[in-house]
Protein chains: 2
Amino acid sequence: MAFKQELNDQFARMGKVLGSGRRLELLDYLAQGARSVDALATVSGLSVANTSQHLQKMQQAGLVRAERQGKQIFYALADDEVITLMTVLHGLAERHLAEVREMVSMHLTARDRLAPVSVEELLARAQSGLVTILDVRPPEEYAAGHVPGAVNISPAHLREQIAQLDAGREVIAYCRGPYCTFSFEAVAALRAQGFTAHRLESGFPEWKQAGYPVEYEHSEQVSR
Amino acid sequence: MAFKQELNDQFARMGKVLGSGRRLELLDYLAQGARSVDALATVSGLSVANTSQHLQKMQQAGLVRAERQGKQIFYALADDEVITLMTVLHGLAERHLAEVREMVSMHLTARDRLAPVSVEELLARAQSGLVTILDVRPPEEYAAGHVPGAVNISPAHLREQIAQLDAGREVIAYCRGPYCTFSFEAVAALRAQGFTAHRLESGFPEWKQAGYPVEYEHSEQVSR
DNA sequence: CAAACATTCAATCATGTGGTTGAATGTTTG
DNA sequence: CAAACATTCAACCACATGATTGAATGTTTG
């Protein structure tokens with residue numbers, strides 16, 4: 001039936017866009033909030049023209065939308081379901097692509113031992129009061145729910161705001177999930193500054209889904 | 001950070017596979033259960049060699065797995081999350097691709113009048129015993145699993161066999177999913193014959209994934 | 001209204017992809 | 001062990017894609 005094929009071809013337009021690591025990286029950044037083209041270009045290391053073209057493809061595929069603000073154009077995810085899409089994709093890749101599992105475990109053992117902390121350990125250490133829980137997600141996501149007592153530093157301001165953390169306390173960082181690399185970066189940055197830091201093995205979605213308590217207010221954000 | 005890029009390249013391997021309408025169609029069929037290569041080839045209209053190649057790509061990307069049974073090789077979804085992935089993709093496409101909305105409304109005639117029934121409603125009405133659940137999929141798919149108590153009329157014989165249904169009962173039709181067009185056609189045909197008919201808003205894959213009971217025997221098929 | 005800036009366009013190239021064909025592989029059956 | 005069958009492989013073509021360049025478009029600022 002022609003209709004079904006045409007429909008699948010439309011779905012494939014969206015699928016095609018997910019077939020490029022660069023675009024997935026851009027989507028990762030966009031998951032933090034709207035960004036201008038050249039902000040995305042600098043953060044991803046791509047040329048501006050190339051970034052622009054990728055963004056346009058994603059816009060045509062309906063994954064991303066653009067809005068002009070002054071002389072810049074800000075791109076944002078079309079929908080929060082795009083994050084869901086990526087999370088499901090990550091989960092499938094983790095379960096069925098041996099390369100992904102190997103890469104993660106190699107990366108963890110090769111670069112110092114960033115031994116991840118389990119949710120249970122986090123709870124135990126949190127009760128001792130000697131640990132700083134660090135939420136490395138964009139402020140909007142933090143505001144929409146976070147681990148109780150967690151401090152929020154958005155990935156973009158990580159390096160500048162590390163100084164505001166208590167250097168005497170152990171830090172446990174988390175972000176969106178096991179394959180969200182911000183927590184890796186945060187732990188690396190923290191250790192470079194002399195902190196004792198670990199990352200949570202999972203992320204906030206898993207935390208929430210497991211039924212642990214969630215705090216919604218803007219409680220202890222370090223940034224302004 | 002090279003790690004991040006390599007990781008995204010791995011995720012992109014999986015994404016690439018979603019960038020072909022033919023493969024998405026094959027995944028649609030696989031969502032019903034395991035199928036042999038040539039069963040998939042005939043149902044999709046592709047050549048056997050071509051089907052085989054698509055299946056192998058999907059297997060390498062970890063979306064699908066193969067198992068030999070006798071002289072045939074049966075492919076199946078690697079994981080039920082693949083259905084989730086496709087469902088999220090469909091939802092995004094429906095919301096953000098004007099073409100999809102247009103195609104659906106143009107081709108599926110007066111959507112308002114075909115008001116879909118939710119799974120919960122179906123269960124409630126089914127318990128009343130006053131409703132006929134109609135499975136509008138090919139017999140093989142019906143045999144591989146269907147909603148308990150559902151009656152099967154294959155799309156090819158729809159018009160001839162409508163007369164065998166009880167005209168006094170409401171009919172709720174379903175097929176493979178929200179974008180499977182057979183249920184729309186069935187509802188239109190039933191209404192043309194004076195039936196009270198609705199379509200299930202989702203389809204059998206979603207039903208199965210939601211954990212509702214599945215019946216496997218050949219229980220009440222109307223056709224011969 | 002012209003300069004400065006952010007983004008997009010257009011042309012080009014190397015590479016990757018889907019599809020076809022016919023031969024090759026591997027499993028079961030007689 | 002050879003025939004029959006299901007699937008895969010290998011070679012090939014037309015076409016799409018990602019990336020690079022330099023010019024063009026459109027918006028704000030002085």
Side-chain angles (χ1 to χ4, degrees), chain A residues 2 4-6 8-30 34-76, chain B residues 2 5-6 8-30 33-61 63-76 140:
Chain A
K4 185 174 176 66
Q5 283 180 23
E6 285 173 38
N8 274 319
D9 283 343
Q10 291 299 322
F11 297 148
R13 280 176 56 197
M14 207 166 240
K16 270 205 224 311
V17 156
L18 302 173
S20 151
R22 311 283 174 264
R23 283 195 288 264
L24 291 177
E25 190 179 345
L26 290 174
L27 286 176
D28 267 347
Y29 293 122
L30 287 174
R35 293 287 138 91
S36 70
V37 176
D38 81 351
L40 288 166
T42 45
V43 81
S44 67
L46 302 174
S47 75
V48 175
N50 195 5
T51 304
S52 170
Q53 287 179 23
H54 280 307
L55 290 168
Q56 282 177 67
K57 279 207 171 153
M58 293 199 276
Q59 188 184 19
Q60 282 161 25
L63 285 177
V64 144
R65 61 190 155 72
E67 190 188 340
R68 178 147 227 149
Q69 282 182 22
K71 51 179 145 182
Q72 287 179 313
I73 293 184
F74 281 78
Y75 281 87
Chain B
Q5 284 179 22
E6 285 173 38
N8 275 319
D9 283 343
Q10 290 299 322
F11 296 148
R13 279 177 57 195
M14 209 165 239
K16 269 205 223 314
V17 157
L18 302 173
S20 151
R22 304 300 142 87
R23 282 195 289 263
L24 292 177
E25 190 178 347
L26 290 174
L27 286 176
D28 268 348
Y29 293 122
L30 287 172
R35 292 281 187 284
S36 70
V37 176
D38 81 351
L40 289 166
T42 46
V43 82
S44 67
L46 301 174
S47 74
V48 175
N50 194 5
T51 304
S52 169
Q53 287 178 21
H54 280 306
L55 289 169
Q56 282 177 69
K57 280 207 169 150
M58 294 199 276
Q59 187 184 20
Q60 282 161 25
L63 285 178
V64 143
R65 61 191 155 71
E67 189 188 341
R68 178 146 227 149
Q69 280 182 24
K71 50 176 144 180
Q72 286 180 312
I73 293 184
F74 281 78
Y75 281 87
E140 315 88 55

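Every heavy atom of this structure was used, including side-chain atoms; hydrogens, water molecules and symmetry mates were not. Computed from a predicted model, the values in this text were never measured in an experiment.
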Query raised in the report: Of the non-hydrogen atoms in Ser44(B) and Glu25(B), which two are nearest, and what is the gap between them?
Result: CA-OE2, 4.0 Å
Query raised in the report: Is a side-chain N or O of Ser52(A) found less than 3.5 angstrom from the main chain of Val48(A), in a donor-acceptor match?
Result: no
Query raised in the report: Using a cut-off of less than 4.0 Å, is there contact between a side-chain N or O of His54(B) and OP1 or OP2 of dT17(C)?
Result: no
Requested in this report: To the nearest Å, give me how far apart CD (Glu67(B)) and C1' (dT27(C)) are.
Outcome: 15 Å
Report summary line: For Gly21(A) and Ala12(B) the tightest heavy-atom approach is N-CB, 3.4 Å
**Report entry** Over all atoms of both residues, closest heavy-atom pair of Tyr75(A) and Leu30(A)
**Finding:** O-CD2, 3.2 Å
Query - Where DNA chain C forms stems, i.e. three or more consecutive Watson-Crick or G-U pairs with both distances under 3.5 Å - result: C:1-30 with D:1-30
Query - Check: Leu40(B) main-chain N/O paired with Arg35(B) side-chain donor or acceptor under 3.5 Å - result: no
Requested in this report: Check whether any side-chain N or O of Arg13(A) sits under 3.5 Å from a backbone N or O of Gln60(A) as a donor-acceptor pair, and report yes or no.
Outcome: yes
Query raised in the report: For Asn8(B) and dG18(D), what is the distance between atoms CG and P respectively, to the nearest whole Å?
Result: 15 Å
Query - Nucleic acid footprint by protein, nucleotides 3-15 of chain C - heavy-atom cut-off 4.0 Å, B for base, S for sugar-phosphate alone - result: --SSSBBB-----
**Report entry** For Lys57(A) against Val17(A), the heavy-atom pair lying closest together
**Finding:** O-CG2, 3.8 Å
Query raised in the report: Side chains of Asp9(B) and Arg22(A): closer than 4.5 Å at any heavy-atom pair?
Result: yes
Query raised in the report: Between Glu25(B) (CD) and dG18(C) (P), how many Å, whole number?
Result: 15 Å
